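Below you'll find the structure, written out as structure tokens, and then a few comments.
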Amino acid sequence: MQSVWESSENHSKRYITIAGFGLLGLLSFFAGFYQDAITTRLILMLLLACLASLFVMIPDRWALRLMFLYLSFEGMAKLLTGYNPVIHVGMDLLMLVLTAKCFILLVVRKRNFPQHYPPLVGLFILHFIWFFIQFANPNTLGIVPSLAAAKIYITMNLLFAYGFYLANDPKELEIFFYPWIIGAVVNIALGLYQAHIGPLSVLGLSPSYAWVLQKYEGYAFRPFGTSSQPGGAGMFVQLSFMFVLYFVLSKGPAIKRLLLAAIIPLGIMLLLFCQVRVLLFKIIIGTSIFVFLNVFYLQGRARRRLLIGIPTIAGLMLVSMPFLTQFWLTARDENVLAMERTLSVFDVQRIRESRSGTLDRIITFAKMVPFGAGLSRTGSAGEVFAKKTTEKESDPFLRGVLFTDNFWASTIADIGIPGSFILTLIVLIILLRAFRGIRECADSQTRLLQITLFSSLVMLMFGAWGSEAILYNPEAAFFWFFGGAAQRIRIWPFEKFE
């Protein structure tokens with residue numbers, strides 16, 4: 001995947017293009033001081049256009065790193081623009097721009113096609129074909145709602161190929177960790193500030209925050225961070241958690257490892273206020289897998305670093321958590337309720353009762369719509385087209401938004417049992433191949449990297465029973481990209497290719 005930037009195109013045209021879009025970006029920035037003339041919505045749309053244009057000119061690997069960084073702020077941009085439809089699909093538009101660039105380079109410019117294809121290409125093609133077959137589903141809402149579902153089942157899946165091709169070596173792959181860690185640090189800082197101040201920290205930013213908070217009336221306030229959902233700040237802590245452990249336990253400057261280790265207690269503190277219990281559960285599961293596999297597979301210095309690093313992190317937690325807890329609990333009485341709800345994740349009976357209807361819901365969807373209820377009837381897309389479903393449907397079962405709150409319930413409702421089976425098979429094979437790759441790594445550092453990716457991927461799927469898991473960003477982008485990278489690491493010792 002050679003980029004335009006790396007090719008021998010006419011330099012003057014490139015510089016003119018860069019200067020033009022750079023000027024557009026500056027105009028967008030300075031327009032922020034004149035809110036009466038140009039709205040925040042227009043400013044963000046102009047910045048998105050600049051970012052998309054930049055993607056055409058820089059190497060693919062840096063375009064993706066910027067894309068992951070953008071993903072950390074996309075949720076906030078949605079709320080600030082009142083769910084502007086362009087911003088709402090901003091990540092997908094950037095992905096399509098990048099893919100179109102690669103297509104033009106390979107087909108129109110006749111660059112050499114890669115000699116090696118990612119694994120599971122056949123299954124992915126079958127998944128895409130079945131998705132488009134759903135356009136002819138008798139229950140379809142139409143072309144536009146069906147195309148909107150590509151956000152869930154097509155665009156982010158393409159990242160699997162990018163992860164496979166761009167993970168050329170350990171250092172190159174490690175740089176892909178940093179956008180997620182940066183996103184986590186920003187969300188920790190902003191989320192803890194919001195937890196300290198309360199709802200007033202967000203209500204003045206946009207009316208959309210008040211509208212979203214209405215759904216959680218009666219619950220303790222959940223910090224948004226830079227996400228679009230209450231408690232969403234904890235999502236970025238979860239996604240970066242294994243990466244932080246990886247750097248703390250790897251070779252590197254002591255000051256860097258110490259600073260990264262400080263993220264852990266602050267991140268856990270934020271999770272306690274987010275009240276999204278599944279996030280804390282997944283981190284516990286992922287960390288347990290990470291530690292167990294490292295103890296089992298690592299040898300020599302790598303194992304010694306692990307045996308020193310894990311107790312050090314635990315000690316840091318024991319020392320810092322009482323002070324952090326006291327500070328935030330005394331700031332707002334409501335934070336006590338938030339922490340109690342999050343810690344109820346250890347109340348097995350309570351969790352079992354809260355998820356008692358999940359299996360029945362899956363069975364109901366399988367019986368009522370075995371080949372799918374039509375695309376865009378679940379999740380945020382279902383809310384957008386809820387009015388249309390209410391007016392169109394005579395069947396009470398299909399009216400309004402189909403509540404799923406489960407990966408398999410959601411996929412069966414959207415693409416039917418066959419589509420759900422294909423997607424589940426792809427996910428399971430990705431995890432199996434990633435696990436097998438641990439034994440095939442050539443050295444301890446590469447094995448630690450593979451264990452980090454495997455633990456992260458498994459961690460996400462452990463939440464599939466109580467959420468839609470990898471169907472929505474940022475988890476979708478994370479899973480498919482690093483799922484592809486995990487397939488590449490296992491062949492590093494044997495071949496290199498561009």
Side-chain angles (χ1 to χ4, degrees), residues 85-86 88-89 91-93 95-97 99-100 102-103 107 117-118 120-161 361-430 464 468-473 476-477 479-480:
V86 176
H88 189 68
V89 295
M91 182 70 176
D92 305 274
L93 292 176
M95 189 68 228
L96 291 175
V97 167
T99 303
C102 294
F103 177 81
V107 177
Y117 292 99
L120 309 178
V121 169
L123 279 175
F124 273 105
I125 292 174
L126 186 60
H127 166 66
F128 295 154
I129 290 174
W130 182 257
F131 172 82
F132 287 108
I133 287 175
Q134 288 297 313
F135 283 45
N137 190 309
N139 298 318
T140 183
L141 295 174
I143 294 296
V144 173
S146 297
L147 283 173
K151 178 181 178 65
I152 303 173
Y153 294 105
I154 298 292
T155 52
M156 291 302 103
N157 294 39
L158 299 174
L159 285 169
F160 181 82
R361 192 158 55 247
I362 295 172
I363 294 173
T364 299
F365 283 124
K367 288 180 177 179
M368 298 295 292
V369 285
F371 294 101
L375 297 166
S376 292
R377 290 183 182 270
T378 63
S380 57
E383 293 178 2
V384 172
F385 299 106
K387 183 178 179 181
K388 188 170 186 176
T389 59
T390 303
E391 295 173 350
K392 175 181 181 293
E393 296 297 344
S394 58
D395 185 352
F397 180 77
L398 296 177
R399 287 181 183 170
V401 184
L402 296 180
F403 176 75
T404 55
D405 204 26
N406 174 273
F407 174 79
W408 290 279
S410 187
T411 52
I412 291 174
D414 282 335
I415 53 179
I417 296 174
S420 180
F421 175 78
I422 295 169
L423 195 57
T424 301
L425 187 61
I426 291 173
V427 169
L428 290 177
I429 293 177
I430 287 174
E468 287 83 358
I470 61 170
L471 296 181
Y472 295 96
N473 280 329
F479 182 89
W480 294 115

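No experiment lies behind these values; they were computed from the predicted model shown.
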| Distance-only, no hydrogens or angles: does the N137 side chain make a donor-acceptor pair with backbone N or O of G372 under 3.5 Å? |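 Yes, N137 side chain to G372 backbone: donor-acceptor pair under 3.5 Å.
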| field | Donor-acceptor contact present, side-chain S410 to main-chain N406, <3.5 Å | value | no
| said: Atom CZ of residue position F124 - does it have more than 12 heavy atoms of other residues, nucleotides or ligands inside 6.0 Å? | reply: yes
Should [X] and [Y] count as side-chain neighbours, where that means a heavy-atom distance under 4.5 Å?
X	Y	value
L471	L423	yes
I430	W480	yes
I417	F365	no
D92	M156	yes
I415	L375	yes
F371	W130	yes

Measuring from [X]:[atom1] to [Y]:[atom2], what's the distance to the nearest 0.5 Å?
X	Y	atom1	atom2	value
H127	N157	NE2	CG	4.5 Å
R361	T404	CZ	OG1	7.0 Å
T364	I412	OG1	CD1	10.5 Å
E468	I152	CD	CD1	8.5 Å
N473	M95	CG	CE	11.0 Å
I129	I422	CD1	CD1	9.0 Å

Taking every non-hydrogen atom, the tightest pair across [X] and [Y]:
X	Y	result
P370	P418	O-CD, 3.6 Å
T424	F407	OG1-CE2, 3.9 Å
A469	A464	CB-CA, 3.7 Å
T140	S146	OG1-OG, 3.2 Å

| Can L147 and F135 be said to form a side-chain contact (heavy atoms from CB on, under 4.5 Å), step by step? | CA-CA 8 Å; L147 283 173; F135 283 45; 3.8 Å; yes
| task | Would you please indicate if the ring centroids of F131 and F128 are separated by under 6.0 Å? | result |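 No - the distance between ring centres of F131 and F128 does not fall below the 6.0 Å cut-off.
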